[in-house]
Amino acid sequence: MTPARKRKEIIHARQHAFDVTYRQARRDVEKELAITTKFPQLTPIWDKGLADTHWPIPTVSQHRAALGAIELALRDSYILDGVKQRDRWRTIDGHIDLDWVGGPYAWEVVRELLYFAENPDTGTIEPGELLPGINALGELNAVWLDGVRVRFRPFRPVGLTPGRIAMWRHPDEDDQFEEADDEQSA
C-alpha cells in the first residue's frame, strides 16, 4: 500500500469515527502529523503496527519508571495544571492510560512533552528517549518511553490557551504570552 493510499485510509477512518467531513478529518490528521515532522529524529509508533510487531508486555519496573518519568514531566511542564478528575491506570496490555476532564487536547500534551523531552536541561527525560504515538485514526494521542505506551484521553477538552502554553518552551515569546494573560484578566 502506498503512503498516499494509507493516509487516505486513515483520514476516511477518522471521518467516520468522528462523524466529520473528509476535509475536516484531513485537516486534523495533517495538523497532528505536522507536530511529528518537527522531530525528524523521533520515529512515531503507530498503534496499528503493534499487532504486526508483537511488542512484549512491559515489565512492572518499566511501567513504574515510565509512569514516574511522565508524571514528573507533566508536573514540571505545568501542562495539566487546572484539569479536573485526573486518573491513570495500567491497561490490560501493560501500558498506561491517563484521563482528565477539561484542559488540553491529547495532541497538545504530546507536543508539549516532546518539546520538554528534547530540552537537555529538564533532567526528567533524555533527548530522543520519548517517542510520539499515533493511533489508527491518525490521532497523536500517546508517547512511548522505554517500551511503555502512555496514552492520553481527555474528556471534554478545551485546549491550551496562548497564556497556558508552557513558558519554558518559548523564552523569546514570553512578552507575547504575558500580554495574552493581561488581556484575559482584564
Side-chain angles (χ1 to χ4, degrees), residues 1-55 66 70 73-74 77 79-89 91-118 130-145 147-166 169-170 173 177 180:
M1 183 179 290
T2 65
R5 187 162 172 86
K6 182 173 179 66
R7 186 172 169 195
K8 285 183 180 179
E9 178 184 308
I10 291 166
I11 293 169
H12 279 294
R14 187 171 184 144
Q15 173 189 6
H16 297 299
F18 295 122
D19 195 26
V20 296
T21 65
Y22 180 84
R23 188 177 195 169
Q24 179 64 40
R26 186 185 76 220
R27 193 174 328 139
D28 290 344
V29 168
E30 288 172 354
K31 176 179 63 175
E32 294 178 24
L33 291 180
I35 295 167
T36 62
T37 61
K38 294 179 182 177
F39 304 97
Q41 73 278 14
L42 303 176
T43 306
I45 299 175
W46 289 76
D47 279 354
K48 208 172 195 180
L50 290 178
D52 302 335
T53 57
H54 302 293
W55 287 66
I70 294 298
L74 290 171
S77 60
I79 297 169
L80 294 181
D81 277 3
V83 301
K84 302 175 197 168
Q85 300 175 359
R86 211 167 145 231
D87 197 8
R88 65 182 174 275
W89 64 84
T91 62
I92 202 163
D93 57 355
H95 298 286
I96 301 168
D97 280 356
L98 292 174
D99 297 348
W100 63 86
V101 176
Y105 290 94
W107 65 268
E108 291 175 318
V109 173
V110 172
R111 178 190 65 197
E112 297 300 319
L113 282 177
L114 290 174
Y115 276 112
F116 184 81
E118 289 304 303
L130 193 69
L131 299 173
I134 303 171
N135 70 8
L137 298 176
E139 291 180 298
L140 183 64
N141 70 342
V143 292
W144 285 81
L145 180 65
V148 179
R149 181 190 67 221
V150 180
R151 183 173 42 200
F152 303 108
R153 301 176 355 149
F155 296 99
R156 297 186 302 279
V158 293
L160 288 176
T161 62
R164 293 216 25 185
I165 292 176
R169 187 166 69 102
H170 307 283
E173 298 176 13
F177 291 118

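Treat the numbers as computed from the prediction; the structure is a model and nothing was measured.
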Trainee: Apply side chain to side chain contact (heavy atoms under 4.5 Å, CB included) to residues Q85 and F155 and explain how you reach the verdict.
Mentor: CA-CA 10 Å; Q85 300 175 359; F155 296 99; over 6 Å; no
Trainee: Who are the side-chain hydrogen bond (donor to acceptor under 3.5 Å, both in side chains) partners of H16, not counting sequence neighbours?
Mentor: none
Trainee: Please walk me through it: do L74 and V109 pass side chain to side chain contact (heavy atoms under 4.5 Å, CB included)?
Mentor: CA-CA 9 Å; L74 290 171; V109 173; 4.0 Å; yes
Trainee: What is the distance from atom CZ of R26 to atom NE2 of H12, rounded to the nearest 0.5 Å?
Mentor: 11.0 Å
Trainee: Would you say the side chain of L145 lies within less than 4.5 Å of the side chain of V150, judging by non-hydrogen atoms?
Mentor: no
Trainee: Can you list every salt bridge (charged side-chain N to carboxylate O under 4.0 Å, His left out) pair that touches residues 97-106, not counting sequence neighbours?
Mentor: D97-R151, D97-R153, D99-R153
Trainee: Which pair of non-hydrogen atoms, one from R14 and one from E32, has the smallest distance, and what is that distance?
Mentor: NH2-OE2, 3.0 Å
Trainee: Only counting residues at least two apart or in another chain, list the ones meeting side chain to side chain contact (heavy atoms under 4.5 Å, CB included) with Q24.
Mentor: V20, T21, R27, D28
Trainee: Can you name the side chain to side chain contact (heavy atoms under 4.5 Å, CB included) partners of A73, sequence neighbours left out?
Mentor: L113, F116, T124, I125
Trainee: Mark yes when over 12 heavy atoms from residues, nucleotides or ligands other than K8 sit less than 6.0 Å from its NZ; otherwise mark no.
Mentor: no
Trainee: Taking CG in D19 as the centre, count heavy atoms belonging to other residues, nucleotides or ligands within less than 6.0 Å. Is the count above 12?
Mentor: no
Trainee: Between L98 and L80, is a side chain to side chain contact (heavy atoms under 4.5 Å, CB included) present by the stated rule, with each step listed?
Mentor: CA-CA 11 Å; L98 292 174; L80 294 181; 5.6 Å; no
Trainee: Counting distance only, does the side-chain N/O of Q15 pair as donor-acceptor with the main-chain N or O of A25 below 3.5 Å?
Mentor: no
Trainee: Apply side chain to side chain contact (heavy atoms under 4.5 Å, CB included) to L131 and list each qualifying residue two or more places apart in sequence or on a separate chain.
Mentor: L42, I45, W144
Trainee: Could you check if a side-chain atom of I96 sits within less than 4.5 angstrom of a side-chain atom of I70, using non-hydrogen atoms only?
Mentor: no
Trainee: Please walk me through it: do I35 and V110 pass side chain to side chain contact (heavy atoms under 4.5 Å, CB included)?
Mentor: CA-CA 9 Å; I35 295 167; V110 172; 5.7 Å; no
Trainee: If you take all heavy atoms of P154 and P104, which pair is closest and at what distance?
Mentor: CB-O, 3.6 Å
Trainee: With R156, which residues qualify under side chain to side chain contact (heavy atoms under 4.5 Å, CB included), at least two apart?
Mentor: V101
